[in-house]
Amino acid sequence: MSVLKLKNTYTKRLEVFQPLDPHGKRVTMYTCGPTVYNFVHIGNLRSFLFADILRRTLERNGYEVRQVMNITDVGHMTEDHLADAGGEDKLAVAARKLGSDPFKVALHFEDAFAHDARAMRLRVYQGGEAGDPALHPRATRHIPEMLHAIQRLIEEGFAYVVDSGEVYYEVSKFPEYGRLSGKVLEDLEAGARVEVRDDKRDPRDFALWKVDAKHLMQWDPHSEKGWDPADYARFRELLPAGVDQRIRAGFPGWHIECSAMSRAHLGHTIDIHTGGEDNIFPHHECEIAQSYGAFKTCVHGPHGAPDEGSQRKTFARYWVHGRFLLVNNRKMSKRDGTFYTAKELLDPRGQGRDDLANELERLGFAGGKVPANVLRFALISNQYTQPMNFSLESLAAARTGVERIQTRFDKLREAVGDGTNPASNLTASGHMIELVNRAEAEFDSALNDNLNTPNAVAAVFKAVGELNTMHLGPAEAREAMRLLDSFDEVLDVLDRTERSGLITREQIQTWLEPATLKQKAVALKHWAETTDREQLWERIEAGQLPDFEETAPVEDMDGAMVELFVAIRQNARMSKDFKVADAVRDELKRRGVALEDTAQGFRWVR
RNA sequence: GGUGGCGUAGCCAAGUGGUUAGGCAACGGUUUGCAAAACCGUCACACGCGGGUUCGACUCCCGCCGCCACCUCCA
């Protein structure tokens with residue numbers, strides 16, 4: 001198997017991945033998560049999805065991954081912010097109605113994010129991980145850890161308290177500041193974009209603790225005011241002597257949360273730290289500086305190995321950053337109408353975006369909605385190291401691409417059957433084994449090459465194309481299915497519900513016997529509810545269409561009902577009444593079921 | 001101004017000093033009662049422009065042109 005290599009932002013090099021774990025098994029990963037004062041947009045999603053692909057690739061390589069994705073819910077909300085939250089957005093308005101309790105608003109958006117994250121199949125929100133608060137730590141619940149770190153920074157001489165009661169990190173005390181981002185301190189100083197404050201010793205110094213009466217979340221480090229009781233108890237335990245008396249009630253600066261939470265939940269050293277490219281500076285640069293000062297860490301050398309002779313331990317061994325998603329080759333912009341939240345694409349009409357829904361329908365999206373697996377596929381099919389140019393057309397391309405893989409998957413499942421066929425226990429042909437092995441190797445080497453998802457996807461399409469030219473028995477299909485399952489452990493774009501079925505010609509022949517068909521029909525719920533069954537049957541025999549609205553509402557189409565429709569249609573086909581036959585197929589289509597004639601019989605797909 | 005990056009056929013997008021990326025779209029064909037799905041073929045001797053190095057460059061070097069991002073508590 002190929003070896004996983006990752007581009008480390010810190011060294012600017014492609015490095016072979018080696019975990020810190022001496023047994024080479026466990027990997028810790030910290031992903032900078034969402035700020036929950038708004039709905040996540042597809043740019044956020046791309047960033048989280050690349051982290052998800054990285055995590056799954058690690059797992060594919062046999063590692064046990066512990067991934068933490070923080071929730072930034074702290075401190076920066078003001079009354080103005082609430083009043084301005086999202087303009088016309090219905091859910092934002094609903095959030096505002098929650099009142100001026102910023103914790104409730106943050107929770108509301110966090111729930112919304114968790115919903116999107118599950119829809120996008122982020123593994124860190126699947127299964128038991130979804131409900132584990134240690135994997136989704138909230139900044140507001142880690143104030144003790146942050147104050148602890150701040151106090152350490154003051155005591156170690158890396159931070160200072162100013163008259164206002166705020167605390168700043170003194171950048172000049174950390175010579176490595178700027179090394180991750182390649183920034184030159186002198187240039188930063190020259191830039192006029194750093195917040196100008198008279199009480200800062202240096203304009204580049206950044207805030208660890210802020211004081212601003214306008215902000216809605218406030219903690220008093222010298223009393224219980226503003227605290228969650230449990231957090232306050234932990235704070236007293238962590239800092240029995242309290243913090244520097246000059247620090248006033250306020251809230252933590254943005255950067256300190258990740259230093260504090262990664263340490264709290266993943267320990268002193270983490271293997272991989274991920275984020276968007278905008279996190280490189282200043283956020284991650286500041287994290288490195290903070291952890292260096294507070295926890296005596298470092299980030300030296302390739303593979304995160306400390307310099308020779310250093311007593312310090314590494315903070316993050318690999319820094320991996322995803323590039324931005326662009327729309328029309330520009331950064332997303334609300335003004336240009338190129339800003340899409342996940343919710344808007346998944347359910348435009350539900351978000352009041354009828355215009356978007358109509359556009360999507362024009363591009364062939366049923367109901368004007370983008371299926372979540374299509375959005376996922378679109379956002380992972382470009383390499384994370386390149387800016388991705390997103391468009392609705394790219395979504396349409398993703399849809400047909402996913403459908404191609406899905407169709408092969410469905411057909412394989414049909415071919416495998418329920419396992420009762422003794423032929424399925426046979427050994428697959430050498431040709432098939434070879435195909436599977438080669439495809440797996442191609443997929444692996446693409447992913448392991450710094451998560452080259454375009455090549456990984458190409459390997460999938462290549463395999464699908466080859467499988468499409470082959471006639472597969474149960475044993476062959478079983479192996480092929482295993483291959484697609486294996487791909488999908490990483491890509492996770494397939495619909496695994498029983499969404500298709502195969503009806504053989506022999507079966508239909510039996511059902512076309514009036515007695516059998518009637519028996520079958522009686523067994524069907526909706527048919528049974530029809531008052532005049534005899535009359536209905538007579539109409540079918542006469543080649544007339546039954547009242548579909550009565551017999552089969554869209555939401556109740558199941559396999560049995562489809563079979564009945566197919567029988568009716570076949571009845572018409574046998575008597576060359578293609579008008580009726582096509583009408584039945586159209587009716588099925590309207591109910592979301594596509595019907596295909598195959599050599600063996602009839603295949604339906606929901 | 002500083003830093004990093006990008007320009008590949010209609011669109012998206014890999015990759016490489018000399019031999020197929022892949023997907024989507026379009027068109028033609030096979031198949032079908034018609035479809036669908038699938039297959040085959042075409043579009044594709046594509047690599048922003050101009051020089052240079054080389055037996056040979058899309059790939060390396062130099063210079064242009066165009067575009068983008070970061071330097072703002074934006075993934």
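Below, chains carry the letters A, B, ... as their sequence lines are ordered, and counting in each starts from 1.
Using P as the reference atom, B:C74 and B:G4 are 22 Å apart when rounded to the nearest Å. Using atom P as the reference point in both B:C61 and B:C6, the two lie 12 Å apart (nearest Å). Between B:G41 and B:G48, the two P atoms lie 28 Å apart (nearest whole Å). Separating the C1' atom of B:C58 from that of B:C47 is a span of 5 Å, rounded to the nearest Å. Using P as the reference atom, B:C65 and B:A46 are 27 Å apart when rounded to the nearest Å. For B:U30 and B:G17, the P atoms lie 43 Å apart once the distance is rounded to whole Å. The same atom, P, is picked in B:G22 and in B:A9; the two are 15 Å apart, to the nearest Å. B:C43 and B:A37 have their P atoms separated by 24 Å, with the value rounded to a whole Å.
With hydrogens and angles ignored, no donor-acceptor pair under 3.5 angstrom links the side chain of A:R399 to the base of B:C24. Scanning atom types as modelled, one donor and one acceptor separated by under 3.5 angstrom connect the side chain of A:R573 and the base of B:G33. Side-chain atoms of A:K331 and base atoms of B:C68 include no donor and acceptor less than 3.5 Å apart. Below the 3.5 angstrom threshold, one finds no donor paired with an acceptor across the side chain of A:R404 and the base of B:G22. Scanning atom types as modelled, no donor and acceptor separated by under 3.5 angstrom connect the side chain of A:R603 and the base of B:A37.
For the pair A:R505 and A:F602, the cation-pi test (distance below 6.0 Å, angle within 45°) is passed. Relative to the six-membered ring of A:F365, A:R399 meets both conditions, a distance below 6.0 Å and an angle of at most 45° to the axis.
Nearest heavy-atom pair across A:G276 and A:S47 is N-OG, 3.6 Å.
The nearest whole Å value for the distance from the CD atom in A:E596 to the P atom in B:G33 is 15 Å. Per the geometry, CZ belonging to A:R179 stands 16 Å off P belonging to B:G4, to the nearest Å. In this entry the distance linking CZ of A:F409 with C1' of B:A37 reads 17 Å, nearest Å. Between the C1' atom of B:A37 and the CD atom of A:Q600 lies a distance of 12 Å, rounded to the nearest Å. For the pair A:E277 CD and B:G4 P, the computed distance is 14 Å after rounding to whole Å. A:Y10 has its OH atom 17 Å from the C1' atom of B:G4, to the nearest Å. Atom-to-atom, CZ of A:R569 to P of B:A35 comes out at 13 Å; the value is rounded to the nearest Å. Remark: P of B:A37 and CD of A:E414 are 15 Å apart, rounded to the nearest angstrom.
Salt bridge annotation for A:D449-A:K5: absent, with no cationic side-chain nitrogen under 4.0 angstrom from a carboxylate oxygen. A salt bridge links A:R56 with A:D52: the distance from a Lys NZ or Arg NE/NH1/NH2 to an Asp or Glu carboxylate oxygen falls below 4.0 Å. Salt-bridge annotation for A:D205 and A:K200: absent, with no side-chain N of the basic residue lying under 4.0 Å from a carboxylate O of the acidic one. Note on A:E285 versus A:K183: no salt bridge recorded, every NZ/NE/NH1/NH2 to OD/OE distance being 4.0 Å or above. The pair A:R573-A:D597 counts as a salt bridge, with a side-chain nitrogen and a carboxylate oxygen less than 4.0 angstrom apart. Look at A:E434 and A:R438 and you find no salt bridge, because none of the NZ, NE, NH1 or NH2 atoms lies under 4.0 Å from a carboxylate O. By the 4.0 Å N-to-carboxylate-O rule, A:E176 lies close enough to A:R179 to be salt-bridged with it. Here A:R138 pairs with A:E110 in a salt bridge; the nearest charged N to carboxylate O distance falls below 4.0 Å. Contact check on A:D582 versus A:R585 returns a salt bridge, with a Lys/Arg side-chain nitrogen under 4.0 Å from an Asp/Glu carboxylate oxygen.
Counting any heavy atom pair closer than 4.0 Å across all strands shown, A:N279 reaches sugar-phosphate atoms only and no base atom. The residue A:L45 sits apart from the nucleic acid: no heavy atom pair falls under 4.0 Å. Within 4.0 Å (heavy atoms only), A:H41 reaches at least one base atom of the nucleic acid. Using a 4.0 Å heavy-atom distance criterion, A:A458 is classed as a base contact. Heavy atoms of A:L326 sit under 4.0 angstrom from primed sugar atoms or phosphate atoms, though from no base atom. Counting any heavy atom pair closer than 4.0 Å across all strands shown, A:G322 reaches no nucleic acid atom.
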Every protein N/O lying under 3.5 Å from an N/O of nucleotides 11-17 of chain B:
unit_1: B:A13; atom_1: OP1; unit_2: A:N389; atom_2: N; d: 3.4
unit_1: B:A14; atom_1: O3'; unit_2: A:N452; atom_2: ND2; d: 3.1
unit_1: B:A14; atom_1: O2'; unit_2: A:N455; atom_2: OD1; d: 2.5
unit_1: B:A14; atom_1: O2'; unit_2: A:N455; atom_2: ND2; d: 2.5
unit_1: B:G15; atom_1: OP1; unit_2: A:N452; atom_2: ND2; d: 3.3

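Set against B:G22, B:C34, B:C40, the side chain of A:F461 has B:G22 as its closest nucleotide. Side-chain proximity of A:R323 to B:C34, B:A75, B:G5: nearest is B:G5. Considering only the side chain of A:K183, B:G2 comes nearest among B:A69, B:A35, B:G2. In the set B:A38, B:C34, B:A69, the nucleotide with an atom closest to the side chain of A:F324 is B:A69. Closest contact between the side chain of A:F281 and the listed nucleotides B:C71, B:C74, B:A38 involves B:C71.
The shortest distance between the side-chain N/O atoms of A:R330 and the OP1/OP2 oxygens of B:C68 is below 4.0 Å. Taking only side-chain nitrogens and oxygens, A:R46 never comes nearer than 4.0 Å to OP1 or OP2 of B:C74.
Scanning RNA chain B for stems, defined as runs of 3 or more consecutive Watson-Crick or G-U wobble pairs whose donor-acceptor distances all fall under 3.5 Å, gives the following ranges: B:1-7 with B:65-71, B:10-12 with B:22-24, B:26-30 with B:38-42, B:48-52 with B:60-64.
With RNA chain B read from its 5' end, the first of the two nearest nucleotides for A:A396 and A:P34 is the one closest to A:A396. The residue among A:A459 and A:F48 whose nearest nucleotide of RNA chain B is located toward the 5' end is A:A459.
Relative ring orientation between A:F109 and A:F39 is described as perpendicular, the plane-to-plane angle rising above 60° on a 0-90° scale split at 30° and 60°.
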